[in-house]
Q: 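After the structure tokens below, expect a handful of questions from me.
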Amino acid sequence: MEYLIGIQGPDFVLVAADNVAASSIIQMKHDYDKMFKLSEKILLLCVGEAGDTVQFAEYIQKNVQLYKMRNGYELSPAAAANFTRKNLADYLRSRTPYHVNLLLAGYDDTDGPGLYYMDYLSSLAKAPFAAHGYGAYLTLSILDRYYRPDLSRDEAVDLLKKCGEELNKRFILNLPSFTVRLIDKEGIHDLEKLTLGTK
Amino acid sequence: MEHGVCICVCISTSCHTCKSYKSARTQKQMRKSSSIRPLQTRPVSLTLKIVPFRLAHGTTTLGFIFQGGVIAAADTRASAGGLVACPAVHKITPIHSHLVVTSSGSGADCMLWERILIREIRLYQLRHGHRLSIRATAKLLSSMLHPFKGTEMCVALTLCGWDNGPKLIYVCSDGARLQGDVFSVGSGSPYAYGVLDRELRWSLSKGEAISLAREAVFRATHRDAYSGNNVDLFHITAQGWSQRKREDLKEEYYRDKEKKGKKKNDKLK
């Protein structure tokens with residue numbers, strides 16, 4: 001039902017998430033933000049079971065902030081991704097596992113941009129592009145076809161638009177708008193919301 | 001997992017709150033393994049098995065924000081399977097002078113959690129000297145409900161109130177916590193959304209907003225078997241909440257029929 005997508009460029013990461021908060025067959029909210037800002041240059045996109053998403057994402061968010069307060073510098077995206085994965089793995093075989101699918105996107109001043117794909121079984125993979133949700137079945141092949149490691153920002157946004165149009169055309173659920181953000185060495189930038197009209 | 005559309009009697013399975021907020025999930029696991037099971041009489045509606053999606057409990061409640069504050073409305077029927085257990089229930093409960101909560105789900109669970117919320121908010125006010133904000137109230141409630149996630153407890157509350165502006169927050173025992181401008185909860189909610197989404201605007205006057213809320217609940221109770229009887233309406237502003245006299249939807253039905261009859265006659269002329 002929910003959709004997340006991330007595309008890594010040579011010096012940026014572009015991420016987008018749909019804006020629907022649903023309860024059974026009803027859209028409760030049309031403007032829900034599924035991205036959580038972990039630090040100045042790291043975003044966590046989180047979808048999954050109703051309460052688990054916010055609980056887990058906020059837990060990670062606060063712990064990343066705590067690290068900064070204790071140590072004086074921020075966790076790198078790779079470290080944050082591994083920390084998140086460890087927590088997910090620890091809870092997986094407990095009595096209260098978190099059923100959440102995540103994308104972690106960040107920019108490291110030394111290593112550059114990074115996009116990390118995590119699923120509810122706490123697998124972690126660094127990938128040039130990734131997507132979560134039923135929409136991923138429709139859009140991963142588009143990403144495979146048109147992705148190049150040296151995409152410019154505009155080209156990446158166009159690729160994102162292509163994915164959105166495909167969802168609009170073939171996905172049975174209505175996902176009218178997507179929040180889009182870009183992370184680069186300057187930090188996190190809000191881009192224009194991607195809204196798709198009727199087919 | 002499907003729940004009966006019910007206001008079922010609170011059986012021992014959900015009375016953990018008296019003891020502590022220890023994870024009810026662990027207790028459930030322990031109980032499952034023991035050979036002695038407590039007597040469970042959870043009414044199951046036959047219609048639940050035919051419907052392709054999970055029904056959300058016999059109620060229509062709604063809340064929305066407009067220029068004149070917040071309106072909260074709910075029907076008053078408590079159903080237990082196919083029986084109308086009580087035709088005159090209060091589904092909207094004031095928490096403090098500027099906050100009311102509409103309840104949906106299991107009646108016993110909602111009553112309990114409303115009382116707990118009133119207690120916690122009052123304690124906070126006494127300890128800290130100021131009232132907790134509504135967003136914080138919602139977060140507190142959500143944290144208190146979290147240990148019971150995965151158990152059969154079912155509460156879906158809408159906090160409607162005023163603190164530095166109108167606020168409307170939906171909190172559910174699944175863990176969802178959403179702030180928005182319009183929410184409708186319960187088995188009659190799709191019907192209510194149908195009416196609300198057409199006519200809701202920020203610029204409604206107080207009278208228009210109240211009649212819109214009444215109409216939305218009326219249309220929902222007309223179609224939904226598990227909602228009905230009367231409608232309760234609350235209006236919350238910066239000055240606090242005020243309650244309208246409870247209205248019988250039967251009267252609304254006859255008024256509506258008359259209006260349609262008049263329209264038909266006008267057309268024929």
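Since we're looking at a predicted model, the values are computed, not measured. So that the names make sense, note that chain A is the first sequence line, chain B the second, and so on, each numbered from 1.
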Q: Around atom NZ of A/K185, are there more than 12 heavy atoms from other residues, nucleotides or ligands closer than 6.0 Å?
A: no
Q: Does B/R223 CZ have over 12 foreign heavy atoms under 6.0 Å away?
A: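 Counting other residues, nucleotides and ligands, CZ of B/R223 stays at 12 neighbours or fewer.
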Q: Working to the nearest 0.5 Å, report the span between CD of A/E58 and NZ of B/K139.
A: 3.5 Å
Q: Would one find more than 12 heavy atoms of other residues, nucleotides or ligands at under 6.0 Å from atom OH of A/Y120?
A: no
Q: Can you see which heavy atom on B/F183 is nearest to which on A/M28, and at what distance?
A: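 Nearest pair, atom of B/F183 first, then A/M28: CE2-O, 3.5 Å.
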Q: Could you give the distance from CG (A/D52) to NE2 (B/H146), rounded to the nearest 0.5 Å?
A: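 Separation between the atoms: 6.5 Å.
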Q: Between OG of A/S23 and CG of B/D174, what distance do you get to the nearest 0.5 Å?
A: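 Taking OG in A/S23 and CG in B/D174, the distance rounds to 7.0 Å.
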Q: Around A/K193, counting heavy atoms of other residues, nucleotides and ligands shown, do more than 12 lie under 6.0 Å from its NZ?
A: yes
